[in-house]
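Below is one structure; the comments refer to it alone.
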Amino acid sequence: MYNDGMNPFRDSLACVTGGSSGIGLAIARRLAVHGARIVLIARTPERLSAARADIVSLVPDASVNTVPLDVTDQAAVRQAAADIAAQWGDPRFLFNCAGDALPGRFDRYSGQDLRRMIAVNLEGTWNMTQAFVDALRHTGGHVVNVSSLAGLVGTTGYTAYAASKFAVVGFSEALRNELAADGVRVSVLCPGDTDTPQLAAEQEHKPPETAALSARARVLSPDQVANACLRGVRRGRFLILAGGEAQLIVWLKRFAPGILFRSMDRVVLRARQGTRSAP
Ligand SMILES: NC(=O)c1ccc[n+]([C@@H]2O[C@H](COP(=O)([O-])OP(=O)(O)OC[C@H]3O[C@@H](n4cnc5c(N)ncnc54)[C@H](OP(=O)(O)O)[C@@H]3O)[C@@H](O)[C@H]2O)c1
């Protein structure tokens with residue numbers, strides 16, 4: 001829980017990776033509404049400019065800067081962190097939202113697919129956090145790593161993605177313990193399916209049984225996830241979930257995993273049987 005009133009974001013510098021799209025952009029929009037100064041980070045300059053314009057159309061006096069950067073490039077990340085500190089000061093918040101997801105059956109994944117997801121989801125988060133950790137110590141800051149519900153419950157078609165996102169949860173938990181004594185907070189956001197360009201791209205690659213499982217869950221809006229995220233940050237939560245369905249799934253995994261696993265297995269089996277019997 002933050003002590004400085006209800007709004008720890010006002011006038012704070014917040015860096016948001018993946019800030020040009022989806023969940024990262026929605027978080028950046030909410031941060032702007034709460035008066036934060038924002039640095040949007042992603043690879044594609046045009047998407048960054050469009051995201052900046054989007055935020056300024058919502059909050060005309062918002063302070064929004066953009067930094068084109070590939071978070072998997074450790075040397076470039078270190079240089080960018082130094083440049084950001086020199087130009088705009090030390091950030092108080094770091095939201096690591098940049099991510100990549102490619103669903104598919106385990107035996108069809110290439111080593112390259114696995115390495116790409118580990119590189120963006122885990123190493124990108126690691127690189128950014130390491131580059132900014134001293135700055136966050138100075139500001140008594142807060143790191144928010146975006147994992148996924150797939151980082152808490154593994155499901156068919158997401159072996160590589162789940163491996164990378166479980167790793168983000170483990171990294172965040174260890175980091176929370178390590179940085180607590182320095183006054184730096186760490187949270188991990190684990191949203192379920194959210195209506196973003198990434199989810200739209202995933203739909204095209206989902207095996208039928210993955211699609212069948214996904215169809216049982218409600219799709220969240222990026223704004224719902226962003227609101228849950230900033231609420232969780234204000235309350236100083238480590239694990240931040242979005243929506244009641246996620247709470248139920250996580251509760252079941254913890255206290256009744258057999259029920260959860262059997263129900264997931266039934267959906268997968270039925271979808272496989274449906275595929276085999278299709279003409
Ligand atoms: N959508 C969902 O259903 C869902 C559910 C749970 C968790 N998540 C997680 O939430 C996060 C955001 O996902 P999203 O759905 O909002 O995706 P999105 O709309 O596709 O946005 C991804 C963002 O990450 C940036 N990005 C990708 N690779 C990057 C790299 N190597 N370096 C820097 N920036 C990079 C993209 O910009 P450029 O391509 O221009 O770099 C873009 O700004 C991800 O970590 C994702 O795994 C998503």
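Counting starts at 1 for both ligands and their atoms, in listed order.
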*State whether a side-chain donor-acceptor pair under 3.5 Å links N145 with T125.*
no
*For the residue pair S63 and W88, establish whether any side-chain heavy-atom pair is separated by less than 4.5 Å.*
no
*Can you pull out the closest protein heavy atom to atom 3 (O) of ligand 1? Residue, atom name and distance to 0.1 Å, please.*
T194 N, 2.7 Å
_According to a hydrophobic-cluster definition based on side-chain heavy atoms being under 4.5 Å apart (Ile, Leu, Val, Met, Phe, Trp, Tyr only), do L230 and V225 belong together?_
yes
*asked:* If I take atom CG from residue L13 and atom CG from residue L31, how far apart are they, to the nearest 0.5 angstrom?
replied: 10.5 Å
*If you count the atoms of ligand 1 from 1 in the order shown, which ones are under 4.0 Å from a heavy atom of D193?*
3 (O)
_Protein contact of atom 6 (C) of ligand 1 - nearest heavy atom, named by residue and atom, plus distance_ = P191 O, 3.1 Å
*Answer yes or no: is there a donor N or O on one side and an acceptor on the other, between the side chain of T72 and the main chain of G124, under 3.5 Å?*
no
*For S147 and ligand 1, answer yes if some heavy atom of the residue is under 4.0 Å from a ligand atom, otherwise no.*
yes
*Rounded to the nearest 0.5 Å, how far apart are CD1 of I84 and CD of Q79?*
10.5 Å
_Just verifying a value: how many Å separate T155 OG1 and E209 CD, rounded to the nearest 0.5 Å?_
10.5 Å
*Using distance alone, decide if ligand 1 has a nitrogen or oxygen within less than 3.5 Å of any nitrogen or oxygen in A42.*
no
*Under 4.0 Å to a heavy atom of A98 - the qualifying atoms of ligand 1, by number*: 24 (O), 26 (N), 34 (N), 35 (C), 45 (O)
*Just distances here: any N/O of S148 and N/O of ligand 1 closer than 3.5 Å?*
no
*Contact between T17 and ligand 1, counting heavy atoms under 4.0 Å?*
no
*Under 3.5 Å: donor-acceptor pair, side chain of N177, backbone of A174*: no
*Determine whether the side chain, the backbone, both or neither of I23 has a heavy atom under 4.0 Å from any heavy atom of ligand 1.*
both
*Examine C97 against ligand 1 and note whether any of their N/O atoms are separated by less than 3.5 Å.*
yes
*asked:* Quick one: does any side-chain atom of T17 pair with a main-chain N or O of C97 as donor and acceptor, under 3.5 Å?
replied: yes
*Closest protein heavy atom (residue, atom, distance) for atom 36 (C) of ligand 1*: R47 NH1, 4.0 Å
_Interatomic spacing from CD in E245 to CG in D193 - rounded to 0.5 Å_ = 9.5 Å
*Between NZ on residue K253 and CD1 on residue I249, distance to nearest 0.5 Å*: 11.0 Å
*Distance-only N or O hit between ligand 1 and K165, under 3.5 Å*: yes
*ligand 1 atoms in contact with G99 (distance to a heavy atom under 4.0 Å)*: 24 (O), 27 (C), 44 (C), 45 (O)
*Return the residue, atom name and 0.1 Å-rounded distance of the protein heavy atom closest to atom 17 (O) of ligand 1.*
Q198 CB, 3.2 Å
*Transitively linked via ILVMFWY side-chain contacts under 4.5 Å: V153 with L241?*
yes
_atom 39 (O) of ligand 1: the protein heavy-atom neighbour that sits closest, reported with distance to 0.1 Å_ = R43 NH2, 2.9 Å
_Checking contacts here: is it the side chain or the backbone of A101 that comes within 4.0 Å of ligand 1, counting heavy atoms only? Could be both or neither._
neither
*Specify side chain, backbone, both or neither for L69, according to which of its non-hydrogen atoms lie closer than 4.0 Å to ligand 1.*
backbone
Going by atom type alone, with no hydrogens or angles, which donor-acceptor pairs under 3.5 Å involve a side-chain atom of residues 156-164 and a protein atom two or more places apart or on another chain?
residue	atom	partner	partner atom	Å
Y158	OH	E202	OE1	2.5
S164	OG	N121	ND2	3.0
S164	OG	Y161	O	2.7

_E202 N/O to ligand 1 N/O under 3.5 Å_ = no
*Nearest-0.5 Å distance, CG of residue N227 to CD1 of residue I27*: 10.0 Å
*For atom 15 (O) of ligand 1, grab the closest protein heavy atom and report residue, atom and distance to one decimal in Å.*
T196 OG1, 2.5 Å
*For ligand 1, is there an atom lying under 4.0 Å from some heavy atom of G124?*
no
*Which residue and heavy atom of the protein sit nearest atom 31 (N) of ligand 1, plus the separation*: D70 OD1, 3.0 Å
*Per-atom contacts, ligand 1 versus G192 - under 4.0 Å to a heavy atom*: 3 (O), 5 (C), 6 (C)
_Out of all atoms in ligand 1, which are within 4.0 Å of some heavy atom of G22? Include the element for each._
16 (O), 19 (O)
_Do V188 and V250 sit in one hydrophobic cluster, given that two such residues count as connected whenever their side-chain heavy atoms are within less than 4.5 Å of each other, even indirectly?_
yes
*Ignoring hydrogens and geometry, is there a side-chain-to-backbone donor-acceptor pair from T196 to Q198 under 3.5 Å?*
yes
*Against heavy atoms of V146, which atoms of ligand 1 measure under 4.0 Å?*
9 (C), 10 (O), 11 (C)
*Identify, for atom 25 (C) of ligand 1, the protein heavy atom at the shortest distance, and state residue, atom and that distance.*
G18 CA, 3.7 Å
*asked:* Under 3.5 Å between any N/O of Y161 and any N/O of ligand 1: does that happen in this structure?
replied: yes
*Within-cut-off N or O pair, G24 and ligand 1, under 3.5 Å*: no
*Can you find an N or O of S21 that's nearer than 3.5 Å to an N or O of ligand 1?*
yes
